[in-house]
Amino acid sequence: GTFEMTEGTVKPYMVYTEDDPVVKWVQQEEGHSLVGKKWDPEEDNKYLRNGMKGMGTDDDAVIHVVTTRCNAQRLKLLENFKMAFGEDLVEWIKGELSGDYKE
C-alpha cells in the first residue's frame with residue numbers, strides 16, 4: 001500500500017508554497033494563509049477529508065497529498081487523521097476511490 005514504511009523517492013514537504021492546492025483550499029475555506037508555514041498533517045487531513053466527504057470524491061486532492069508527501073509524512077497523516085476524525089485514512093481512501101486508484 002501507499003502508506004507502508006519504505007524508502008521512497010519523494011522528499012519531505014517542509015514548507016507550504018503558494019502553488020500547493022492545500023494552501024489554496026485553506027485560504028478559501030478558512031481565510032488564512034499557509035504560505036511559508038511548516039508542513040502540518042492536520043491541514044493536509046482537513047483538505048483530504050473535505051475532498052472525500054459528500055457526493056463524489058476529489059481524486060486530485062487525494063492524489064496530490066499522497067504523491068507529494070514522503071513516507072514519514074504519510075505515516076503522520078495516518079496518525080493525525082485517526083486522532084482528528086476517529087477514522088482510518090487508508091480505509092477512508094479505499095472506500096472513496098475507484099478503479100485503478102484503489103491500488
Side-chain angles (χ1 to χ4, degrees):
T2 306
F3 289 93
E4 291 177 15
M5 188 63 165
T6 60
E7 186 172 326
T9 57
V10 178
K11 302 295 180 218
Y13 187 80
M14 304 303 289
V15 176
Y16 286 104
T17 58
E18 64 182 88
D19 62 332
D20 190 298
V22 176
V23 170
K24 293 175 183 176
W25 181 83
V26 167
Q27 182 68 48
Q28 180 180 349
E29 297 296 318
E30 299 183 356
H32 63 92
S33 178
L34 294 177
V35 175
K37 305 270 171 125
K38 182 179 171 188
W39 176 79
D40 184 349
E42 185 176 346
E43 297 294 351
D44 278 16
N45 277 330
K46 287 190 286 187
Y47 174 69
L48 277 173
R49 189 165 190 263
N50 181 73
M52 294 188 291
K53 70 179 185 180
M55 294 298 291
T57 297
D58 182 351
D59 291 352
D60 290 340
V62 175
I63 292 166
H64 168 74
V65 172
V66 169
T67 61
T68 60
R69 294 351 182 214
C70 72
N71 290 333
Q73 288 173 315
R74 292 180 199 140
L75 291 173
K76 288 180 182 176
L77 287 168
L78 288 174
E79 294 169 8
N80 179 270
F81 197 90
K82 183 73 169 176
M83 285 190 317
F85 306 115
E87 301 278 347
D88 182 290
L89 179 57
V90 173
E91 292 304 315
W92 188 288
I93 290 173
K94 283 181 180 178
E96 293 294 320
L97 296 181
S98 60
D100 294 336
Y101 293 130
K102 273 191 163 181
E103 298 302 316

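- Looking at Val26 and Val22, their side chains come closer than 4.5 Å, going by heavy atoms from C-beta outward.
- Both Val65 and Val35 are assigned to one and the same hydrophobic cluster, defined by single-linkage of ILVMFWY side chains at heavy-atom distances under 4.5 Å.
- Other residues, nucleotides and ligands contribute only 12 or fewer heavy atoms inside 6.0 Å of the CD atom of Glu18.
- Atom CH2 of Trp39 and atom CD of Gln73 lie 4.5 Å apart (nearest 0.5 Å).
- Remark: His32 NE2 to Gln27 CD distance equals 8.5 Å, nearest 0.5 Å.
- Considering only heavy atoms from C-beta on, Val62 stays 4.5 Å or farther from Asp59 through its side chain.
- Looking at heavy atoms from C-beta onward, Glu91 lies in side-chain contact with Lys94 at the 4.5 angstrom threshold.
- The ring pair (Phe, Tyr, Trp, His ring centres under 6.0 Å) pairs that include a residue from residues 63-83 are Phe81-Phe85, Phe81-Trp92, where partners are two or more places apart or lie in different chains.
- Annotation for Tyr47 and Pro21: closest pair OH-CB, 3.2 Å, computed over non-hydrogen atoms.
- Apart from Met83 itself, the hydrophobic cluster it occupies contains nothing, where clustering links Ile, Leu, Val, Met, Phe, Trp and Tyr at side-chain heavy-atom distances under 4.5 Å.
- In this structure the side chain of Leu89 never reaches within 4.5 angstrom of the side chain of Lys82, judged on heavy atoms.
- No donor-acceptor pair closer than 3.5 Å links the side chain of Glu79 to the backbone N or O of Lys76.
- Atom-to-atom distance recorded for Asp58:CG and Leu48:CG is 9.5 Å, nearest 0.5 angstrom.
- Salt bridge present: Arg69 and Asp20 bring a charged side-chain N and a carboxylate O closer than 4.0 Å.
- Of the inter-residue distances, the one linking Asp40 atom CG with Leu77 atom CG reads 9.5 Å to the nearest 0.5 angstrom.
- The side-chain heavy atoms of Thr17 and Val23, taken from C-beta on, include no pair separated by under 4.5 Å.
- Residues Glu30 and Lys46 are paired through a salt bridge, judged by an N-O separation under 4.0 Å between the basic side chain and the carboxylate.
- With contacts defined as side-chain heavy-atom distances shorter than 4.5 Å, the pair Glu43/Lys37 does not qualify.
- In this structure, Asp44 and Tyr16 have side chains that are in contact, with non-hydrogen atoms separated by less than 4.5 Å.
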